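Just so you know, residue 1 is the first one in the sequence shown, and it goes up from there. Note that ligands are numbered from 1 as they come in the structure, with each ligand's atoms numbered from 1 the same way. Because the structure is predicted, anything quoted here is derived from the model rather than measured.
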Amino acid sequence: MNALESMKLYFNRAADRLGLDDSYRKLLLTSKREVQVQVPIIRDNGELQTFVGYRVQHDNSRGPMKGGFRYHPEVDLDEVRALAALMTWKTAVVNLPYGGAKGGLAIDPKTFSPRELETITRKFIDGIHDVFGPDIDIPAPDMGTNDKVMAWIMNQYGKYHGFSPACVTGKPVDMHGLAGREEATGRGVAIITLKVLSRMNRKPQQTRVAIQGFGNVGTFVAKFLSEAECKIVAISDVSGAYFRAEGIDVSAALRYTHEHRGSLEGFTGGTKISNAELLALDCEVLIPAALGGVITKANAASIRAPFVIEAANAPTEIEADDMLYERGIFVVPDILANAGGVTASYFEWVQNRQHYSWGLNRCRQELDAIMGTAFQDVWDAGKEHKVSLRTAAYMVGIKRVRRAAELAGIA
Ligand code: NAD
């Protein structure tokens, strides 16, 4: 099942519970606008190459659309459509005044020089500058793009429309970016994990956590959960997984990765196990924070953690999700668990519009409050309708978008 089919299946499950009629299903599953542009560049070797850039603006019933730009060889229109719709539900679940969008290019950024990447980005913006902007659609980083790319976007957009830092988020902190953006997704995952534990009357001190992925999200999840006194029994990255029953020294692991170009390869603070073994560890909380599709129908039966918090996007395949639900395992879905990132992007946009900086403490306080309220809303919907937290999250999101569409008036 591809990303678009999965999104539609989850949407329809929630829509069934909401009694959403076919006309609204069609409205909410049809993109508002889909743009496809030619992106030509002259490579450093003098060769002309042409790529196709996409921007899908899914829905703006609740406000300007928000979503990343992805540079990855497998980007195609269907994937971008699915990711744009997911952003609509995600921004609605955390109740931001936004809709959803996504964009991208089917390129492998590692195979381009910095000059080539800058040119590609600027050409892409030349093609779409008139369909996005601070009140229309605000891009952000996603796979294969970073704060540097966002700075080029702001600069290129400014050539057409003047100084507009709020046209894009995820910018460098020294260029209208947000202190706290880097940690926000991991912090949000940690907040949600602690809320789940508190709901289930479990103490952090008696909670063993296994985290797959030790990049931007995984490192901050580990940092914040260990600060909350959870025992991080396993961490991992592409080099393998590292297990210590008494708890990994997270500060030592962070120091190690800083000294080894982000890699845990050679880390001796835990016994080396495989990433597959990490998923099946005897622990209370499992946090996939690396790739999509890692929990499958082949390994779902071996998962022992009673709580799975989806820090990565789409780490659980649909069949596996059903198997976990039937076994009574709580899965906190990605559209809630990792929404801290887009929430921090919203703070960046708000501050850019105010030409004012809140500072890190206020960002953290506001993030904690928004994530806490979103968790409560989804938890309550799950209890009321006796559905999984995933279906509950979709129900909360879809209901809010439908209400806004109705209030604004469609005809
Ligand atoms: P990242 O590139 O910083 O880190 C990814 C980590 O996963 C690295 O430690 C890498 O070594 C590891 N990894 C890669 N392949 C692996 C494998 N086969 N097995 C185990 N580990 C593997 O990425 P990130 O920004 O931390 O994002 C992680 C996930 O979270 C992605 O699914 C992303 O879409 C999602 N996400 C990120 C953000 C954000 O703000 N960064 C927001 C929402 C969702």
Side-chain angles (χ1 to χ4, degrees), residues 3 66-72 74-75 79 82-83 86-87 89-91 93-94 100 102 104 109-110 139-147 149-150 169-171 177-178 180-190 192 210-224 234-243 253-254 256-258 260-267 272-281 286-296 299 309-316 332-348 367 371:
K66 188 91 191 80
F69 272 142
R70 177 171 290 197
Y71 289 177
H72 188 275
E74 279 159 32
V75 165
E79 184 191 61
L83 294 169
L86 283 173
M87 287 306 297
W89 317 134
K90 189 183 288 190
T91 52
V93 167
V94 279
K102 204 79 168 191
K110 291 194 292 294
D142 195 83
M143 250 187 239
T145 58
N146 55 22
D147 57 348
V149 176
M150 300 305 116
T169 61
K171 301 179 292 294
L178 181 85
R181 170 65 187 86
E182 202 191 352
E183 68 175 34
T185 305
R187 186 179 175 87
V189 172
I192 295 287
I211 303 171
Q212 184 184 59
F214 209 59
N216 171 268
V217 179
T219 52
F220 282 107
V221 177
K223 174 183 178 303
F224 288 118
I235 54 175
S236 83
D237 67 5
V238 73
S239 73
Y242 305 82
F243 168 75
L254 291 171
Y256 187 88
T257 53
H258 286 147
H260 294 82
R261 287 184 296 152
S263 174
L264 283 168
E265 177 84 69
F267 179 62
K272 186 126 186 222
I273 58 172
S274 68
N275 263 294
E277 286 171 309
L278 176 143
L279 293 176
L281 275 181
L286 173 64
I287 304 185
L291 306 172
V294 292
I295 303 178
T296 64
N299 65 12
I309 317 289
E310 292 188 338
N313 280 319
T316 315
V332 180
D334 46 7
I335 59 168
L336 170 63
N338 69 29
V342 69
T343 304
S345 272
Y346 166 63
F347 298 158
E348 182 176 333
L367 179 69
M371 294 302 291

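Sorted by chain then number, the residues whose non-hydrogen atoms approach ligand 1 to under 4.0 Å are R181, T185, Q212, G213, F214, G215, N216, V217, D237, V238, N275, A289, A290, L291, A311, A312, N313, N338.
Side-chain N or O atoms of D334 include one that pairs as donor or acceptor with a backbone N or O of A314 at under 3.5 Å.
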Can you check salt bridge (Lys or Arg N to Asp or Glu O under 4.0 Å) on R70 and E79, steps first, answer last? CA-CA 10 Å; R70 177 171 290 197; E79 184 191 61; 3.6 Å; yes

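When side chains are defined from C-beta on, T169 does not count as touching L178, because their heavy atoms never get closer than 4.5 Å.
Rounding to the nearest 0.5 Å gives a distance of 8.0 Å between CG of L86 and NZ of K102.
Taking N275 as the reference, Q212, S236 meet the side chain to side chain donor-acceptor pair (under 3.5 Å) condition, with sequence neighbours excluded.
G266 and Y242 make their closest contact through N-OH, 4.0 Å (heavy atoms, listed as atom of the first residue, atom of the second, distance).
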